[in-house]
Amino acid sequence: GRAGAAPLAAIVADICHRGGVGPVDVSGLDGLVPGFALDGVHSVRAALEPLRTAFGFDVVEGAGELMFRMPSEAIAAEIPFDALAGDGLILTRRLIDKAPQRLRLTYAGADQDDAPAIAEARMTGGDPRLVADVALPLAFDRVQAESIARRLLAKAVNAETAEIHLGPEALALEPGDTIRLASGPDWRIAEITDVGLVRALTLQARPRPADPVRFSAPGGRSAAALVPSEPELVVMDASALWGEPGPSGPLVGAFAAPWPGEVRVECGLQTDARGVRAVLTQPATIGRLMAGVAAGPVGRWDRASRLDVHAAEAGFESRSVQAVLAGANAALLETVSGWELIQFHRADLVAPDTWRLSGLLRGLRGSLSAAAAPGARLVLVDDALVRAPVHPEERGEALAWTVGGGLPVEPEIYLEHAATEWTVAHLRISGGVARWVRRGGDISESWSLPEAPNGGRFAVEADFGAGFTARADVSEPSAPVPEGAIAIRVAGIGSDERTGRWLSIATGSP
């Protein structure tokens, strides 16, 4: 049937009464429904769903009745991190490229004699090719429709959910309540599961305010123009990542808010002679260290170090040890010796836009573990990063990089670290002979596979007290120590004849 303008509480109560559902408490609902029409026979749930979608109210069962209430804006509780049980805050982030950028709401125009009308909402982020369509059998005026479209789109692109566990002190919390964790962002409780004295809370991030709405009915307003900020570009002469067949070119990424949808990365030997090298379709996660960090161990977990990272709109998450060992949670850290590839096990939100990353693996894929200063960049490794091709003749040259014809970043000499030999390992001296083990991206790190051949080409130099000299190239992972040498060093030689990083040892060392 067709219902005229009536309070939301009255319509909800009438639907429940007609469907034989009760008792109900609708005292927590407010708002006016200009018109509501349903054709055919519907269940109570199906009849209420358009109203719940439009007004966003919660339904909670308690004290033997169904309680309907509007989403609370008040903070029901502020919870410190040390009150969390189990694994603390477990975050889940949906990929941004799976979220729509636009939403079209079809409704009956209460200010247009109930004629069909469309309100369209747009937000930054998401995939511009994806459009969410929502049709409601409700009558609204234009202002109401625009507000509803904005809220529905903000909910559709909301990428974060979380789970926490609390003790008996959380008994007063209910689904729909808003809580705040350690003075950080606000979360809405979506579900509560009680297991003994422990309460498991499933949380949804409170959506950010939506961008202006474009109303597309005749005589409506035009779209609000988005004015993107200048993207922050990062160019990384980084090690080869897992599964890369043989990269040639640095990794590039950019961040801007709002994201313009597409960023064209240009490069050239001169600022007035650049060409497009990559097209970025997703914003990269780029953070900066709040405090410095020292070099860490290679080949084992770094449990002592932690990275406090400030990153706008970031979505770091904790992953299991098994997932990390399989390649999850990789990032590139800007150090005094270049870009170090790391991984992290835990990610804890300690302040607004500030994350603490711990349980680190350092110096991965042949990168060098080194100290990083406060303000150093940390870039999450994901699909937002792209290899920008560089011609072999440009290697060793200072290249000028820019985005969209804007100001270039500081020119850097590109050395193609992804193609250089890894530092050798287990360098030792015994019986006047130095021995070592070759490392490389072509050598499996799995103990379940046969050990790879330890061959290759290596450069060996000796120090007699005035610096390393007397280079000798060998094709076996061993070399005699020259008489009178106080130290030797070894480096791998690549197929392009370049020498990798050196590893040295004093001759008196075992």
Side-chain angles (χ1 to χ4, degrees), residues 91 182-185 228-239 241 250-259 263 265 267 280 282-298 302-318 329-365 367-382 384-386 388 398-403 406-415 417:
L91 286 174
S183 300
S229 59
E230 181 73 21
E232 177 186 0
L233 175 66
V234 59
V235 181
M236 297 167 286
D237 188 0
S239 302
L241 304 178
L251 282 168
V252 296
F255 174 80
W259 180 251
V263 169
V265 181
C267 173
L280 306 177
Q282 303 176 41
T285 300
I286 304 174
R288 292 188 177 272
L289 295 190
M290 304 292 289
V293 64
V298 176
D302 183 356
R303 304 291 187 186
S305 301
R306 65 187 185 188
L307 304 176
D308 287 344
V309 182
H310 184 271
E313 302 185 19
F316 299 111
E317 60 179 325
S318 300
N329 277 359
L332 286 162
L333 175 63
E334 186 179 32
T335 74
V336 295
S337 298
W339 290 95
E340 177 187 351
L341 182 61
I342 70 167
Q343 289 176 271
F344 57 92
H345 166 47
R346 286 194 59 88
D348 297 303
L349 189 65
V350 296
D353 291 333
T354 302
W355 298 79
R356 177 163 295 161
L357 310 182
S358 58
L360 307 177
L361 292 176
R362 306 287 301 272
L364 302 174
R365 303 291 296 172
S367 63
L368 185 65
S369 181
R377 292 170 292 181
L378 182 136
V379 183
L380 191 67
V381 174
D382 57 15
L385 303 183
V386 174
L399 302 178
W401 296 85
T402 186
V403 288
L407 296 176
V409 299
E410 188 71 23
E412 294 186 9
I413 296 177
Y414 175 64
L415 298 176
H417 288 310

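Just so you know, these numbers come straight off a predicted model, no measurement behind them.
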Hey, what do you get for [atom1] ([X]) to [atom2] ([Y]), rounding to the nearest 0.5 Å?
X      : Y      : atom1 : atom2 : value
Glu317 : Trp355 : CD    : CH2   : 8.5 Å
Leu360 : His345 : CG    : NE2   : 11.0 Å
Thr335 : Leu378 : OG1   : CG    : 11.5 Å

Query raised in the report: Got a sec, which residues hit side chain to side chain donor-acceptor pair (under 3.5 Å) with Glu334, two or more places apart in sequence or on another chain?
Result: Arg377
Query - Sequence-distant partners of Asp308, side chain to side chain donor-acceptor pair (under 3.5 Å), two or more places apart - result: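 For Asp308 the side chain to side chain donor-acceptor pair (under 3.5 Å) partners, ignoring immediate neighbours, are Arg356.
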**Report entry** Criterion side-chain contact (heavy atoms from CB on, under 4.5 Å) against Leu332, the qualifying member of Ile286, Val234, Leu341
**Finding:**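 Answer after filtering Ile286, Val234, Leu341: Leu341.
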Requested in this report: Using the side-chain contact (heavy atoms from CB on, under 4.5 Å) rule, pick out the option among Leu241, Val379, Leu380 that qualifies with Leu385.
Outcome: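 Exactly one option meets the side-chain contact (heavy atoms from CB on, under 4.5 Å) with Leu385, and it is Val379.
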Report task. Check whether any side-chain heavy atom of Ile342 sits under 4.5 Å from a side-chain heavy atom of Leu307, and report yes or no. Result -> yes
Query raised in the report: Side chains of Met236 and Pro250: closer than 4.5 Å at any heavy-atom pair?
Result: no
Can you name the nearest heavy-atom pair linking [X] to [Y], along with the distance?
X      : Y      : result
Gly292 : Pro374 : N-CG, 3.5 Å
Pro231 : Val263 : CG-CG2, 4.2 Å
Gly253 : Leu233 : O-CD1, 3.4 Å
Asp353 : Leu349 : N-CD1, 4.3 Å
Ser369 : Gly296 : OG-N, 2.9 Å
Trp259 : Ala254 : CZ3-O, 3.5 Å

Report task. Begin from the C-alpha positions of Leu289 and Leu333 and carry the test side-chain contact (heavy atoms from CB on, under 4.5 Å) through to its verdict. Result -> CA-CA 9 Å; Leu289 295 190; Leu333 175 63; 3.8 Å; yes
Looking at [X] and [Y], would you say the former's side chain and the latter's main chain have a donor-acceptor pair under 3.5 Å?
X      : Y      : value
Asp382 : Ala384 : yes
Asp237 : His417 : yes
Gln343 : Asn329 : no
Ser318 : Ala347 : yes
Ser367 : Ser239 : no

Requested in this report: Using salt bridge (charged side-chain N to carboxylate O under 4.0 Å, His left out) as the criterion, list what pairs up with Arg306, not counting sequence neighbours.
Outcome: none
